[in-house]
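Notes to accompany the following structure.
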Amino acid sequence: MSAGDTHVNSPEIQRLARVIEPGHSYATVTDKIASIVLTRPTSLGWLAGFSIAFTLMMVLMGSIAWLVTKGVGIWGINIPIGWGFAIVNFVWWIGIGHAGTLISAILFLLNQKWRTSINRFAEAMTLFAVACAGIFPLIHTGRPWMAYYMFPYPSTMGIWPQFRSPLIWDVFAVSTYGTVSALFWFVGLIPDLATLRDRATNKAAQIIYGMLAMGWRGSARHWHRYQSAYLLLAGLATPLVLSVHSVISFDFSIAIVPGWHTTVFPPYFVAGAIYSGFAMVLTIAIPLRKAYDLEDFITMRHLENMAKVMLATGLIVAYGYFFEFFMSLYSGNKFDVFLVQQRLHGPYSSYYYALILCNILTPQVLWFQKMRTNVAVLFVMSLVINVGMWLERFVIVVISLTRDFMPSAWGRYQPTFWDWSTFIGTLGLFVSLLFLFVRALPAISIAEMRELVHTSEDHE
Amino acid sequence: MRGREMHWIRIDRYYDTGLKTQEDTPAENPELANPQTFFQPVPCQQCENAPCEQVCPVGATVHSAEGLNDMVYNRCIGTRYCSNNCPYKVRRFNFLRFQDWETPSLKLMRNPEVTIRSRGVMEKCTYCVQRINNVRITAEKEGENGASRGIRDGEIVTACEQACPSEAIVFGDANNPNNRVSKLRAQQRNYNLLGELNARPRTTYLGAVRNPHPDLAGPEKKEPA
Amino acid sequence: MNLPHPELYGLLGEFDSPERLMDAAKKIREAGYRRIDAFVPFPVEGLSQALGLGRKHDLVPLLTLIGGLGGGLTGFFFQVWVNMSSYPMNIAGRPLNSWPAFIPVTFELTVLGGSLFAVFGMLALNKLPQPHHPLFNVERFKRASNDKFFLCIEAHDPKFHLEETARLLQSVNAQHVTEVRDED
């Protein structure tokens, strides 16, 4: 930033440019973040929120129990709509996870300092979203207790998984993604766990954090290897995150169903994933910074930058929608042309228009800085985009299946109570895990914040 | 039923009123009362490049050397991906436990050669694989020096072929040019359902040649390989 | 080597900024000490160089490469073996060796192998987990994970001498100098 430019130095611009509010030292950063976990009493709000989330999580457990008892027939799926809410939710959750890895890995490689205060909980969000997503491919199978057939283990029958199937690619992509995200998150946590160990006053906390910190003592030799491992993980996670949603999109684009069989899917799915992921990060960050007075660390600059990322990825998604239609019409294939007519005028067209409204039209307000810096607008917008991205997956997965090649085999889809309860239950699981996370682990990376204090001292 | 019928052969019906669009079809239109009816039995088409096989994650549906699209029920975990990717939508899924295993009096009713599937398993037309195997075993027993005598044309009769009173369904080895099925397939009327997808279905149909007099429209012919 | 203080691990100097620590580290290295280590609450740029840790000190990138290549090659040839030799099956009329279909799994296993080797390699090279370390006996050392910067000269260093080394640490602006003892 050029110092001579008066415009650039205006207080408002500076306020928007800060990634940490002034007046913080190493000790205040440590205190502020560690105290949320160690000394702050459990608030009524936390208890109330956690109780609601936990109840919803029990709804999930109940739904799964009933599903295992009765079979997937309790859902609205049928022939021809073999995949319903379960796969919609799976793709939606996995997509949400993508923002966490993008923030922690890609922005790290791009040396974006503003990632520091949001990467920890965004990574946690990734893990929890992958946990929610991972439930669905398992329980949506007719015989979930046989799902281990999808793993390559030497069986007595001598048979192996069928490696041409995109579902096997999913198994590898999602389990790798979950593992690498967990490793990345845990490696980032080690120094902070050591901080908590050293600051904890109660014996149980000292022991638990001590075990998790594994004897980390901040040795320069350790930091040296730690940093190269972290950088390498970021380098590996970057292509990984792009590959995961590409592989998810292969579930559809490899198939021959009109509306699925599209080459634009991989990039369009990845952009959509990041879009919905950033929306979810905002949905979490805005209440979090309010509840725990973290406005100094999660500043307006963070919120605005995330809004910009949403705007950009939203436009890529819009491009994807456009080309999906264009290629369908341009191909001249009668099934693809029919698909476009169905989207616009078919029995489920209202979902399509709702999707366009949520994902393309409304987010255009983010072009205006006034809107990008208005916390309430951002919060509402993040919810709208979350809904829109869910609708997108519903339109692609379910509606494409309702009317494919042979009119005699067309069908309708009607979600049942259990479809909804399973979906809402995973929201409960996700929020419960987040509630536990903010109370048990530092929601912001303390070590990286100290580094930020150090570098911002250099500049001032 | 919500699209959960367990029949393996779907009888598709199409109606032709001769009218072009929906606007042309007011309710009082007499044409609607008596449309021309077309029907087509659609079992599993036993595709050579089967879209279902490619997407099954556990290899529960694979090709046999004879060209059958085999369904391995024990291996199936029920992802339903095969059904989604089937352009004919001829696969059927046990969404719930549809069978009654407890009532003793019903046990004798069931065909011992067609195992009852439990819930969560995909199933479909097998070209009556149990009948094929019975004939093959007979042919092997009657052969000499350990070699099979070979299966004769028309020796295998599938259940649908047996049940069809107008003998519209013909089953046989399409690799032998002298078989009934090969001769029928050589006709110009022979066509594949959704042939442009290049799934190369083994089940093919003969286009119906209709007499202009509407009362005498002939049935279609279908002959699996 | 016959150490004068068998239970002594080393001398720990405390600094209040990374700049002072780096300065001290350079001076102590110039004074000929080699068995030194710094303990800091966040990675400080240039500290490795100040302590004389070279590139060869870091085997993590090599391990990651080995893990990634190992994972990818194993993944690819495993799929080829399964489809061509272990249990060949005619699937959808595709060739037995449908190698393009094997690429996604190969890629994922490359990343998985690389990541596991990077993290567990880093931990192994750092000899972590290590529940006990003499430094944890020092009460002030708790601030190494907060806002203080420490430099430790180990008693194993050939030049180590309790009084002289302590004086040296004070002369390079250490705020506190503490003896680190390994008690049971």
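The figures here come from the full heavy-atom set of this structure, side chains too, leaving out hydrogens, waters and symmetry mates. Within every chain, numbering begins at 1; the chains are lettered A, B, ... in the order of the sequence lines, protein sequences first and strands thereafter.
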- request: Begin with the C-alpha distance, continue with both residues' side-chain angles, and end with the deciding distance and a verdict on side chain to side chain contact (heavy atoms under 4.5 Å, CB included) for C/T64 and A/L236.
  value: CA-CA 10 Å; C/T64 309; A/L236 288 165; 3.9 Å; yes
- request: Can you tell which part of A/Q227 gets under 4.5 Å to a heavy atom of chain C, answering side chain, backbone, both or neither?
  value: side chain
- prompt: Measuring heavy-atom distances to chain A, does C/P104 have an atom under 4.5 Å in its side chain, in its backbone, in both, or in neither?
  reply: side chain
query: Looking only at heavy atoms, what is the nearest atom pair of C/A118 and A/A229, with distance?
result: O-CB, 3.8 Å
field: Note, A/T179 side chain near C/L116 side chain (heavy atom, < 4.5 Å)
entry: yes
- prompt: Quick one: what part of A/P239 sits under 4.5 Å from any heavy atom of chain C, side chain, backbone, both or neither?
  reply: both
message: Using a 4.5 angstrom heavy-atom cutoff, name the option from A/A34, A/G235, A/G158, A/S175 with the most pairs to chain C.
response: A/G158
field: Segment of C/L47 engaging chain A (4.5 angstrom heavy-atom cut-off)
entry: side chain
- line: Value for CG (C/L62) from OG (A/S228), rounded to nearest 0.5 Å, stands at 11.5 Å
Contacting moiety of C/F78, where chain A heavy atoms sit under 4.5 Å: side chain
field: Closest non-hydrogen atom pair between A/S243 and C/E108, with its separation
entry: OG-OE2, 2.8 Å
message: Does A/T455 form a side chain to side chain contact (heavy atoms under 4.5 Å, CB included) with C/E45? I'd like the steps, not just the answer.
response: CA-CA 10 Å; A/T455 47; C/E45 217 179 315; over 6 Å; no
message: Between C/N83 and A/R164, is there a side-chain donor-acceptor contact under 3.5 Å, judged purely by atom types and distance?
response: yes
- prompt: Going through the distances and angles, do A/R197 and C/F136 end up as a side chain to side chain contact (heavy atoms under 4.5 Å, CB included)?
  reply: CA-CA 11 Å; A/R197 170 198 66 201; C/F136 293 134; 3.6 Å; yes
message: C/N126 and side-chain hydrogen bond (donor to acceptor under 3.5 Å, both in side chains): which single residue from A/R221, A/H224, A/R217, A/R225 fits?
response: A/R225
task: To the nearest 0.5 angstrom, please state how far the NE2 atom of A/H222 sits from the CE atom of C/M122.
output: 9.5 Å
- prompt: Sub-3.5 Å donor-acceptor pair from the side chain of A/W223 to the main-chain atoms of C/V40, do we have one?
  reply: yes
- request: State whether the side chain of A/R199 and the backbone N or O of C/K142 hold a donor-acceptor pair below 3.5 Å, judged by distance alone.
  value: no
query: Relative to chain C, which segment of A/L233 carries a heavy atom at a distance below 4.5 Å: side chain, backbone, both, or neither?
result: side chain
message: Under 4.5 Å from any heavy atom of chain A, what part of C/L63 do you find: side chain, backbone, both or neither?
response: neither
- prompt: Is the backbone of C/A101 close enough, under 3.5 Å, to the side chain of A/W169 for a donor and an acceptor to pair up by distance?
  reply: yes
query: Which class fits the ring pair C/F42 and A/H454: parallel under 30°, tilted 30 to 60°, perpendicular over 60°?
result: tilted
field: Engaged part of C/L65 at the chain A interface, taking heavy atoms whose separation is under 4.5 Å
entry: neither
message: Between C/L112 and A/F172, is the side chain to side chain contact (heavy atoms under 4.5 Å, CB included) condition met? List the steps.
response: CA-CA 9 Å; C/L112 185 65; A/F172 281 86; over 6 Å; no
- prompt: Counting heavy-atom pairs under 4.5 Å to chain A, which of C/L123, C/I103, C/I91 comes out on top?
  reply: C/I91
query: Is it the backbone or the side chain of C/F150 that comes under 4.5 Å from a heavy atom of chain A, or both, or neither?
result: neither
message: Only pairs of heavy atoms separated by less than 4.5 Å count here; which of A/A447, A/G215, A/G218 has the most with chain C?
response: A/G218
- prompt: Among C/S17, C/S115, C/A92, which residue forms the greatest number of heavy-atom pairs with chain A at distances under 4.5 Å?
  reply: C/S115
- request: Could you tell me which of A/D31, A/V180, A/L183, A/V171 has the largest number of non-hydrogen atom pairs under 4.5 Å with chain C?
  value: A/L183
- request: Could you tell me if the ring centre of A/F163 sits under 6.0 Å from that of C/F76?
  value: no
- prompt: Which residue, A/V29, A/I446, A/T30, forms the side chain to side chain contact (heavy atoms under 4.5 Å, CB included) with C/N146?
  reply: A/T30
Sub-4.5 Å side-chain heavy-atom contact between C/P18 and A/Y26: yes
field: Contacting moiety of A/Q162, where chain C heavy atoms sit under 4.5 Å
entry: side chain
- prompt: Do you know the tightest heavy-atom contact between A/D198 and C/S145?
  reply: OD2-OG, 2.7 Å
message: Heavy-atom cut-off 4.5 Å, strictly under: side chain, backbone, both or neither for C/W99 against chain A?
response: neither
message: Less than 4.5 Å apart, side chain to side chain, heavy atoms only: is that true for A/Y226 and C/P43?
response: no
